[in-house]
Amino acid sequence: MSAICLSLTGKTIAEDLAALERYRDKVDLVELRVDWLNPEEQFLVRNFPSLAGLPVILTVRRRSDCGVFDEGEGVRLVIIAKALSYARSDNRANFAYVDLEDDFHVPAIEDTCRIFGTRIIRSHHDPDRIPASIDRIWGDLCQEPGVIPKLAVTPRSSAELASLITWTKTLAPRERIIVGMGDFGYPTRIMAAHLGSTFSYSSPLQAGMPMAAPGHLDPDNFISIYREKEVTRKTAIYALAGGRSITGSRSPALHNGAFRSAGIDAVYIPFPSDSAAGFLAAIEASGARGAAVTVPYKEEIIPLLESASSDVEVIGACNTIKRTATGWEGFNTDINGFERSLLEFLGRQRLDGVRATLVGAGGAAKAVAAVLSRNGASGLILNRSIAKARSLAQKHGFLWGPVDDRSLDLITEYSDLIIQSTSVGMAGGSPGDPLEWYDFNGREAVFDLIYKPERTQFLERAARSGCRVCNGYAMLCYQAAEQFRIWVGGQPPADYDPPQPEAQAPGLKE
Ligand code: NAP
C-alpha cells in the first residue's frame, strides 16, 4: 500500500493549511509546493511542519521540472536552506522530507538533512518523454545511501506506458517513487502500490486548487472511487480502455464500488489509450485480468482477440475482454445492457410494430441495431459515414440515410422511437445535436446512449418538445453488471442497480 501525499498548491500558507484541514483524515502526508506560494511567503515556511501536524515534504519545483518556480537557483537555495534551518530536537517540527532534483547537490544542505533526520527524495522529472537513458538516470538517483529515488517521466503513447511498467518490474525492491505523467501515465497514479511507489501524489482539486502535476487525482476520488488505501501489490487490476476522454467515465465508481461491496480485492483503472494494440500492451504489462473497451476501440480490438463470444461475432463489436491462459477472450455486454434498459424504458417485452430510427453506426450502434432487429422492430439507420450506415442496415434489413435533412421524410416515418448512439454531445467529445434539423412532435420515445452529461443538447430538446426521454446510465449499469459476472463470476452486487425510471414511455405500449 502506498501512502497518500497531498501536494499543496495554494498561493498562501493559510490557503494550504485550509486545504490540508479539508483532507486531513484522508492523507498520510503533505508536500508543501513552495513554488506555488506568493514570493513574499516563500521564505516563511520554516514553521509549516508544526502548523501542519503531519509529515511534510519540502519542494521548490522549477518550471523545467513541472513546477512553477521561475527565480534563479540562488534564490531556491536560500528558500530551502531557511526552511531546513534551526532544526528542532522534536522531529515533528522539522520537514520530514525534502525533494531535491538530481542536479541539485549542496553538501551543507545534505549534511543538515542527515543530521536532523530530514529524508532526501532525489528526483528526476521529464515533462516531455521517457528518457532513453532511464537506466543511467535511475542508477544515479539510487546512488546516495538513505535517499528515496523519484522518477517522474512522460509516456507519449500506450506502448511507452507499457515499457515504463515493464521496466519498473525489473527494478530491485526498495523505497522509491515512480510516476508516469500526463494522459498516458494516468494509470500509474492509481497503480502506485503495484509499481512499488512509497507515496502516491494527489492534488486538492475539489478545494478549487491547481493540479500540482499532470494526471493528479483529488484525494476524495483516490479513496472513494479507487480505494487507494486498500490497494496493494496483490490487488487484481481491471482496466477501462478507450480514448482520452475516459477519465470522466462513471464506470470506475460503479465497478470499484461493486468490488468493495463484494469484498473482492480488485481495482478498476482507466487507461487513456492511443490504439487497441497499445492498450493491450499496457494492460498486459500491468497484469490486468480483464478490461472494458470503449470508444473508439470496440471494433479495432476484435482482430487482436484470441476468441470471441457469438455476440461479438454477430455484432462485430467487443466492449469487454477477459484474460485467459492463452490470450484475450472478447464479449459484448452492451447488447444485453441496452436491451434491458430500452425495454424497461418502453415498458414492453418486445418491439414488434415499432418503427425506430437509430442515429450512428459505430460500435455501440451495432449492439443497438441487433437489439432492434431481434425484438421485431423495423428500423432506419442514419450516420455521418453513409457506407457504415448502409452496411449495418443491410445486415438487419433496415433502411439507411445520411444524418441531415435529406433524411427528413424517412425519419418522420420511423419516429416511434429515436435512438442516439453517436458520441456527439458526450462530455469531452464533439459538441452539438446530431438531429438539429429534425423537429420532435412530442410523441417520439427518445433514448440517448450518452449519460454524461445527464442530458445532451439532443435529449434536452426532445424533453422540451414533450417526448419521454432516457439517457444511457441504466444501460451502463446493466452492461457493467454483466462485465462483473464475466470477470469475477457470481451475482453482481446492488451497486449496479440503476435508479428506477420515473414512468414508462407513453404511446408505445404493447
Ligand atoms: P464509435 O464506435 O467510435 O462510434 C462513434 C459514432 O459517432 C459513429 O457513428 C460516428 O460516425 C459518430 N460520430 C462521431 N463524431 C461525429 C461527428 N462529429 N458528427 C457526426 N457523427 C459523429 O463509438 P461507440 O462505442 O459506438 O459509442 C458511441 C457513444 O455511445 C459514445 O458517446 C459512448 O459513450 C456511448 N455509449 C454508451 C454506453 C452506455 O453504457 N451508456 C455504451 C456504449 C457506448 P462515423 O461512423 O461517421 O464516424
Side-chain angles (χ1 to χ4, degrees), residues 2 4-11 15-16 19 27 29-39 42 45 56-73 75-77 79-80 83 95 97-105 120-134 137-138 140-141 147-157 160-161 164-165 167-168 176-192 195 197-205 207-219 222 244 247 272:
S2 304
I4 298 185
C5 175
L6 176 68
S7 298
L8 294 166
T9 51
K11 285 189 164 34
E15 245 178 76
D16 281 340
V27 302
L29 73 163
V30 294
E31 177 184 42
L32 178 63
R33 285 290 299 268
V34 180
D35 46 315
W36 282 92
L37 288 172
N38 288 332
Q42 292 179 338
V45 298
V56 183
I57 305 173
L58 172 72
T59 301
V60 193
R61 187 79 72 223
R62 293 171 298 204
R63 206 168 278 279
S64 54
D65 296 318
C66 302
V68 294
F69 192 77
D70 283 324
E71 302 299 326
E73 283 300 83
V75 182
R76 205 157 76 103
L77 174 58
I79 291 171
I80 294 170
F95 282 94
Y97 305 90
V98 59
D99 186 313
L100 302 176
E101 292 82 4
D102 51 356
D103 59 352
F104 185 99
H105 286 281
I120 295 175
I121 298 171
R122 187 62 80 188
S123 65
H124 180 93
H125 290 74
D126 193 323
D128 300 318
R129 63 185 69 76
I130 299 176
S133 51
I134 189 167
I137 292 169
W138 184 252
D140 291 349
L141 291 175
V147 303
I148 303 175
K150 175 183 178 194
L151 185 72
V153 294
T154 309
R156 290 168 300 186
S157 64
E160 286 193 8
L161 172 65
L164 177 66
I165 295 171
W167 175 81
T168 304
R176 66 177 184 226
I177 300 158
I178 295 176
V179 172
M181 295 190 287
D183 286 352
F184 294 112
Y186 186 84
T188 65
R189 303 282 178 191
I190 302 158
M191 288 171 59
L195 300 182
S197 285
T198 309
F199 308 141
S200 96
Y201 289 83
S202 57
S203 287
L205 305 176
M209 287 163 72
M211 194 180 273
H216 271 201
L217 284 92
D218 181 276
F222 241 151
R244 292 185 180 200
T247 51

Minimal non-hydrogen separation, Met211 against Pro214, with atom names: SD-CA, 4.1 Å

Is there a side-chain contact (heavy atoms from CB on, under 4.5 Å) between Val68 and Arg63 once you walk through the steps? CA-CA 5 Å; Val68 294; Arg63 206 168 278 279; 3.9 Å; yes

To the nearest 0.5 Å, what is the distance between OG on Ser157 and CG on Asp183? 12.0 Å

I want to check something: taking the side chain as every heavy atom from C-beta on, are Ile130 and Phe184 in contact at a cut-off of under 4.5 Å? no

I want to check something: taking the side chain as every heavy atom from C-beta on, are Val34 and Leu58 in contact at a cut-off of under 4.5 Å? yes

Can you tell me how far the CZ atom of Arg122 sits from the CD1 atom of Ile148, to the nearest 0.5 Å? 12.0 Å

Would you compute the distance between atom OG1 of Thr59 and atom CD of Glu101 and round it to the nearest 0.5 angstrom? 8.0 Å

Heavy-atom closest pair, residues Trp167 and Ile178: CZ3-CD1, 4.1 Å

Spacing of Ile79 atom CD1 and Glu71 atom CD [to the nearest 0.5 Å]: 7.5 Å

Looking at side-chain heavy atoms only, is the closest gap between Thr168 and Arg176 below 4.5 Å? yes

Worked check of side-chain contact (heavy atoms from CB on, under 4.5 Å) between Phe69 and Val75: CA-CA 10 Å; Phe69 192 77; Val75 182; 4.1 Å; yes

Mind checking whether Gln42 and Arg76 have side chains closer than 4.5 Å, heavy atoms only? no

Quick check: do Tyr186 and Leu217 have side-chain heavy atoms less than 4.5 Å from each other? yes

Assess the residue pair Asp128 and Thr154 against the criterion (side-chain contact (heavy atoms from CB on, under 4.5 Å)); give the C-alpha distance rounded to whole Å, side-chain angles, the decisive distance to 0.1 Å, and a yes or no. CA-CA 6 Å; Asp128 300 318; Thr154 309; 5.9 Å; no

Ser2 side-chain N/O to Ser197 backbone N/O, donor-acceptor pair under 3.5 Å: yes

Could you check His125 against Arg62 for side-chain contact (heavy atoms from CB on, under 4.5 Å), going step by step and ending with a plain yes or no? CA-CA 10 Å; His125 290 74; Arg62 293 171 298 204; over 6 Å; no

Which pair of heavy atoms, one from Ala212 and one from Trp36, lies closest together, and at what distance? CA-NE1, 4.5 Å

Arg156 with Glu160: basic N within carboxylate O range, under 4.0 Å: yes

With heavy-atom distances below 4.5 Å as the criterion, would you say the side chains of Pro204 and Pro219 are in contact? no

Validation row: Lys150, Leu141 side chains within 4.5 angstrom (heavy atoms): no

Counting N and O atoms only, with roles assigned by atom type, does the side chain of Ser203 sit under 3.5 Å from a partner on the main chain of Leu6, one being a donor and the other an acceptor? no

Ring-plane angle category for Phe199 and Tyr97, please: parallel below 30°, perpendicular beyond 60°, tilted otherwise. perpendicular

Taking all non-hydrogen atoms of both residues, which atom of Leu161 and which atom of Pro187 are closest, and how far apart? CD2-CG, 3.9 Å

Closest contact, heavy atoms only, Asp16 versus Met209: OD1-CE, 3.4 Å

Between the CD1 atom in Ile177 and the SG atom in Cys5, the distance rounded to the nearest 0.5 Å is 8.0 Å

Between Ile137 and Leu151, which heavy-atom pair has the shortest distance, and what is it? CG2-CD1, 4.1 Å

Non-hydrogen side-chain atoms of Leu77 and Phe104 separated by less than 4.5 Å: yes

salt_bridge(Asp99, Arg61) N-O dist < 4.0 Å: yes

For the pair Thr188 (side chain) and Val179 (backbone), establish whether a donor and an acceptor sit closer than 3.5 Å, ignoring hydrogens and angles. no

Separation between CD (Glu15) and CG (Leu8), nearest 0.5 Å, reads 10.5 Å

